[in-house]
Peer 1: 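My questions will all concern the structure given below.
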Amino acid sequence: MRITTSRTDGAVTVRVHTPRLDAAVADELRKGLAEVLDGQEPAVIDLSDVAFMDSSGLGALVGSLKAAGTKDISIAGAQPAVRTVLRMTRVDRAVRVLPATM
Amino acid sequence: MAAARMQLTIPSELGQVRFLGLAVRALLVELAYPEDDVASIELCLVEAVNNAIEHAYREEAGHLVEVELRAEDDAGGSVGARTLELVVRDRGRSIPEEILEKARAEAQAEKEGGDALDGSHGFDGGDALGSLEIDVSSLAEGGYGLRLIHQVMDEVGYRRDGERNAMTMKKTIAAATKPANDAVPKAALDGPGATLGLS
């Protein structure tokens with residue numbers, strides 16, 4: 001799984017380049033995020049490339065953010081299906097879900 | 001009303017689940033189900049099959065997960081309410097009753113409390129820069145799957161049937177106020193007479 005990072009204004013943007021975050025790739029996602037999140041700086045997780053996320057993908061994402069100790073977290077580029085999962089699980093109450101860019 | 005009826009079987013490997021999800025998605029798109037329903041049904045199918053592989057089979061390869069689907073068609077363009085039924089079967093360990101009950105109760109609480117909370121959120125992303133209500137460290141890392149199934153589906157059943165476990169999921173898809181954009185010319189061209197005679 002390709003995960004790339006960029007830094008602006010003291011925040012790290014982490015882009016996950018994969019169309020599906022599911023149970024098959026959950027461990028890979030955990031490992032990939034552990035390598036790039038240091039917990040100190042605010043993090044923006046860019047999910048523009050993710051069309052589908054199940055509860056295992058979400059669990060891996062939440063688990064990675066908790067493990068890193070990142071306090072200020074935003075999710076950018078969430079597609080409608082991903083947005084729905086974040087809302088139904090109420091993860092959007094703990095993680096800022098940025099509006100879709102037009 | 002015509003219905004698509006299908007049985008699909010995959011090996012008990014997590015890497016195979018997406019193919020199942022994508023196959024069912026393609027079918028529902030063909031039947032002109034609304035995209036948000038397609039997405040939530042695909043999610044529930046994937047969650048139920050993941051459960052079978054991870055818990056019933058403890059991620060052991062060499063078993064099978066069977067899916068039976070019945071999806072009502074839109075009767076040649078007159079888009080009314082339609083019923084979708086999915087059954088996911090495995091031959092592994094059953095989900096304990098207390099886990100099923102917990103998921104059911106949580107989903108119910110979510111549905112009842114959901115309206116007021118959603119209202120306070122306003123439009124999608126409208127308060128995105130506002131303060132967050134809970135800390136990330138308090139979020140659960142798992143246990144969302146069954147709850148999501150209960151939140152999305154109108155009916156969820158689970159039973160031991162001989163040596164098999166069967167999870168049954170039903171959802172009624174509301175009548176569309178207007179057909180999807182690409183459905184208009186298709187329905188107009190085909191006409192009711194061109195509908196295949198599937199019962």
Side-chain angles (χ1 to χ4, degrees), chain A residues 18-28 30 37 39 42-45 51-102, chain B residues 13-19 21-22 25 35-51 53-54 59 106-107 110-111 113-114 117-118 120-121 123-152:
Chain A
T18 188
R20 287 177 87 88
L21 290 182
D22 62 10
V25 302
D27 287 343
E28 212 183 323
R30 265 177 221 277
L37 292 171
V44 178
I45 311 294
F52 177 91
M53 179 171 71
D54 68 10
S55 68
S56 303
L58 176 71
L61 178 62
V62 168
S64 305
L65 294 165
K66 282 169 72 170
T70 307
K71 295 285 177 241
D72 189 331
I73 306 154
S74 305
I75 290 180
Q79 297 183 28
V82 171
R83 212 168 266 278
T84 301
V85 173
L86 293 167
R87 181 172 44 81
M88 288 204 299
T89 54
R90 305 222 169 184
V91 168
D92 66 353
R93 306 287 151 91
V95 173
R96 208 175 286 123
V97 181
L98 301 176
T101 47
M102 290 298 146
Chain B
E13 296 161 28
L14 291 174
Q16 293 293 318
V17 181
R18 73 184 166 111
F19 301 121
L22 290 168
R25 156 172 284 276
E35 172 53 32
D36 54 344
D37 289 314
V38 173
S40 58
I41 292 163
E42 180 186 9
L43 175 67
C44 289
L45 173 68
V46 166
E47 295 293 348
V49 175
N50 282 346
N51 267 337
I53 295 173
E54 291 180 313
E59 293 194 45
E106 284 173 352
E110 198 78 12
K111 279 180 183 171
L117 285 162
D118 286 348
S120 74
H121 261 224
F123 292 109
D124 194 15
D127 72 337
L129 298 176
S131 61
L132 295 162
E133 295 160 42
I134 50 175
D135 195 82
V136 180
S137 61
S138 67
L139 287 176
E141 290 177 43
Y144 293 115
L146 280 173
R147 202 171 81 195
L148 284 171
I149 291 173
H150 279 279
Q151 281 172 263
V152 169

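Numbered from 1 within each chain, the chains take letters A, B, ... in sequence-line order.
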Peer 1: For Ala140(B), is it the side chain, the backbone, both or neither that has a heavy atom under 4.5 Å from a heavy atom of chain A?
Peer 2: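 Interface part for Ala140(B): backbone (N, CA, C, O).
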Peer 1: Using side-chain contact (heavy atoms from CB on, under 4.5 Å), reason through Arg18(B) and Val25(A) one step at a time and then give a plain yes or no.
Peer 2: CA-CA 11 Å; Arg18(B) 73 184 166 111; Val25(A) 302; over 6 Å; no
Peer 1: Is the shortest heavy-atom distance from the side chain of Asp36(B) to the side chain of Thr84(A) under 4.5 Å?
Peer 2: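 They are not in side-chain contact.
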Peer 1: Is it the backbone or the side chain of Arg147(B) that comes under 4.5 Å from a heavy atom of chain A, or both, or neither?
Peer 2: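 Just its side chain gets close to chain A.
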Peer 1: Does the side chain of Leu139(B) reach to within under 4.5 Å of the side chain of Val91(A), using non-hydrogen atoms?
Peer 2: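 Counting from C-beta outward, Leu139(B) and Val91(A) do come under 4.5 Å.
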Peer 1: For Val136(B) and Ile73(A), work out which heavy atoms get closest and say how close.
Peer 2: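 Residues Val136(B) and Ile73(A), closest heavy atoms: CG2-CD1, 3.4 Å.
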Peer 1: Looking at Glu110(B) and Arg90(A), is any side-chain nitrogen of the basic one under 4.0 Å from a carboxylate oxygen of the acidic one?
Peer 2: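 Salt bridge: yes.
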Peer 1: Might you point out which heavy atoms bring Ala23(A) and Glu54(B) nearest each other, and give the distance in Å?
Peer 2: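 Residues Ala23(A) and Glu54(B), closest heavy atoms: CB-OE2, 4.0 Å.
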Peer 1: Is there a side-chain contact between Val17(B) and Asp22(A) (heavy atoms, below 4.5 Å)?
Peer 2: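 Result no, sub-4.5 Å side-chain heavy-atom pair not found.
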Peer 1: Leu132(B) and Ala94(A): which non-hydrogen atoms are nearest, and at how many Å?
Peer 2: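 For Leu132(B) versus Ala94(A), the nearest heavy atoms are CD1-O, 3.4 Å.
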Peer 1: Quick one: which of Val38(B), Val152(B), Asn50(B) has the most heavy-atom pairs under 4.5 Å with chain A, could you say?
Peer 2: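 Heavy-atom pair counts peak at Asn50(B).
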Peer 1: Go through the atoms of Thr89(A) and report whether side chain, backbone, both or neither lie under 4.5 Å from a heavy atom of chain B.
Peer 2: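 Both parts, heavy atoms under 4.5 Å.
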Peer 1: Mind listing the closest non-hydrogen atom pair of Glu141(B) and Arg30(A) along with its distance?
Peer 2: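 Residues Glu141(B) and Arg30(A), closest heavy atoms: OE1-NH1, 3.5 Å.
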Peer 1: Could you report the tightest heavy-atom contact between Leu148(B) and Met88(A), atom names first, then the distance?
Peer 2: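 Result for this residue pair: CD2-CE, 3.5 Å.
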